[in-house]
Amino acid sequence: MPRSSPPLFLVSLLLGPLIVLAACNVDTSMTPGSTGRACGAADVIDWYGPGKESDQDELSRWCATVGQPVINSIPDAAFSSWTSADSLVVIAWNMNVGGGDLIEFMRTEVGFSCTLDGPAHRTPPFVLLLQEALRRSSEVPEVPASRTIPRRIVPDPWPGESEDIVDIAERCGLALFYVPSMRNGHEEIYGLREDRGNAILSSLPLSDFIAIEIPFEASRKVTVAATVHAAAGDSLRVASVHFDVATTLYRTFTTGNSTRLRQALGFVNALAMIEDKRAGAAVSCGATCDPTSFEGYPIATIAGGDYNTWSEEETALRRLREYFPGTPAWDGVATRTIFPTDYLFFRTAENSAIELAEGSHLRIAESYGSDHHARIAWLIATSGRATP
């Protein structure tokens with residue numbers, strides 16, 4: 001008589017403790033000088049990445065298939081500075097690998113008109129924190145097909161104008177920090193190869209460039225961060241973040257299905273190391289680091305992006321809110337179909353005059369060809385520094 005399969009509840013009883021045990025041993029340690037240096041400008045970008053060796057090996061393989069980052073730190077001189085008279089518009093948006101119509105998005109939501117004839121400048125200043133930005137270039141290396149090259153995502157419908165983030169930044173006179181996370185397919189398009197990743201597009205000058213390779217789950221994800229400055233002297237770090245939506249079955253069993261929690265903790269651990277370094281303290285934030293214990297943040301920070309969360313109650317979001325205590329409560333509005341995936345997390349800094357305006361963290365109603373709705377916030381820099 002053939003042997004029957006074990007009942008599902010028995011499988012759950014056997015595997016459940018293993019998953020819980022794996023979750024208790026998740027490694028979220030981070031280290032300076034990540035594997036991204038191999039495919040980036042190491043002398044310009046301050047790199048951080050996971051301390052786990054298996055993560056480093058995977059990230060190195062993915063890194064080898066993409067082009068170098070792109071930095072243009074100075075926007076067109078005609079842009080206005082950030083003064084107390086204006087708020088800074090900050091937007092987080094997943095562009096669906098160039099499928100979102102960024103030109104129309106900026107015209108309608110930011111009031112910035114950029115046409116083939118060049119930009120029409122405006123105030124107040126703005127910063128866009130973009131995910132799934134697309135770059136098409138001969139500088140993307142030609143490499144053999146491999147499992148580290150994901151399939152090409154083709155925008156449908158195509159937005160009509162250029163979808164290349166570097167081309168848009170140059171044409172519009174905007175500052176740009178772009179770091180590719182992965183290839184966009186193996187094939188050439190119009191004789192050029194593609195990669196995709198996170199970007200910061202800004203009407204303000206950018207400085208202090210940081211790239212954080214978050215713990216590896218399903219794919220390589222690189223958080224990009226830079227600093228903008230208000231005319232009164234206060235600084236704001238801005239970060240574009242993208243987490244994985246799911247991981248492989250193998251990693252589910254080896255990490256306890258803690259995909260986004262692991263990536264969130266890796267991200268804030270790296271930020272804590274950066275804060276320690278900025279404050280002149282020893283750089284030490286390992287697997288047991290509690291980043292929420294860091295007091296007196298040296299710099300105000302806003303971290304926006306696609307966190308790919310399925311529920312507002314996810315532990316990853318709760319931990320991020322601990323690290324970014326200035327974040328407003330969620331407004332209950334989903335940003336990708338029924339899921340609350342996109343957020344702007346904020347924290348102020350000791351003695352900083354930068355504040356999040358009341359009523360910020362709103363969803364933009366129109367998707368502009370993307371599969372995500374953007375989130376928008378306004379930051380205010382008062383004329384003088386706050387007192388403790």
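Quick caveat: nothing in here was measured; it's all calculated off a predicted structure.
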Show every salt bridge (charged side-chain N to carboxylate O under 4.0 Å, His left out) that has at least one partner inside residues 304-315, sequence neighbours left out. R260-E314, E312-R321
Nearest heavy-atom approach of P215 to Q263 is O-NE2, 3.2 Å
So Y368 and W93, would you call those rings parallel, tilted or perpendicular, with 30° and 60° as cut-offs? perpendicular
Within the distance-only criterion (no hydrogens, no angle test), does the side chain of T335 pair as donor or acceptor with the backbone N or O of H372 below 3.5 angstrom? no
Exam field: side chain T309 to backbone P340, donor-acceptor pair closer than 3.5 Å: yes
Restricting to non-hydrogen atoms, name the atom on I210 and the atom on I45 that form the minimum distance, rounded to 0.1 Å. C-CG2, 4.1 Å
Do the non-hydrogen side-chain atoms of I153 and R196 ever get within less than 4.5 Å of each other? yes
Determine whether V89 and L174 fall in the same hydrophobic cluster, where Ile, Leu, Val, Met, Phe, Trp and Tyr are linked whenever their side-chain heavy atoms lie under 4.5 Å apart. yes
Parallel, tilted or perpendicular, as decided by the 30° and 60° cut-offs, for the rings of F209 and F177: perpendicular
Give the ring-plane orientation class for F345 versus F324, where under 30° counts as parallel, over 60° as perpendicular and anything between as tilted. tilted
So which atom in A231 and which in S81 form the shortest heavy-atom distance, rounded to 0.1 Å? CB-OG, 4.5 Å
Less than 4.0 Å between a side-chain N and a carboxylate O, is that true for R171 and D164? no
So which residues get pulled into L192's cluster when ILVMFWY side chains under 4.5 Å apart are joined, directly or through others? none
Answer yes if the side chains of S370 and N94 hold a donor-acceptor pair under 3.5 Å, and no otherwise. no
Is it true that a side-chain atom of S352 and a backbone atom of A300 form a donor plus acceptor pair closer than 3.5 Å? no
Indicate the atoms forming the closest heavy-atom contact of P205 with V228, along with that distance. O-CG1, 3.7 Å
D342 bridged to R336 by N-O distance under 4.0 Å: no
Between S235 and H229, is the side-chain hydrogen bond (donor to acceptor under 3.5 Å, both in side chains) condition met? List the steps. CA-CA 4 Å; S235 300; H229 306 276; 2.8 Å; yes
Would you sort out whether R375 and D331 count as a salt bridge (charged side-chain N to carboxylate O under 4.0 Å, His left out), showing the intermediate values? CA-CA 11 Å; R375 282 279 178 182; D331 57 11; 2.8 Å; yes
Would the distance check show the side chain of R220 and the main-chain N or O of E213 forming a donor-acceptor pair, the cut-off being under 3.5 Å? no
Taking side chain to side chain donor-acceptor pair (under 3.5 Å) as the criterion, tell me which of R135, R193, R136, E194 meets it with N184. E194
Ring geometry between W310 and F339 (parallel below 30°, tilted from 30 to 60°, perpendicular above 60°): tilted
Going by atom types alone, do T348 and E355 pair a side-chain donor with an acceptor below 3.5 Å? no
Nearest heavy-atom approach of I376 to L344 is C-CD1, 3.7 Å
Expected output: side-chain T31 to main-chain G51 donor-acceptor under 3.5 Å: no
For the student: nearest non-hydrogen atoms of V143 and A64, plus distance: CG1-O, 3.9 Å
Excluding sequence neighbours, so at least two apart, what forms salt bridge (charged side-chain N to carboxylate O under 4.0 Å, His left out) with R183? none
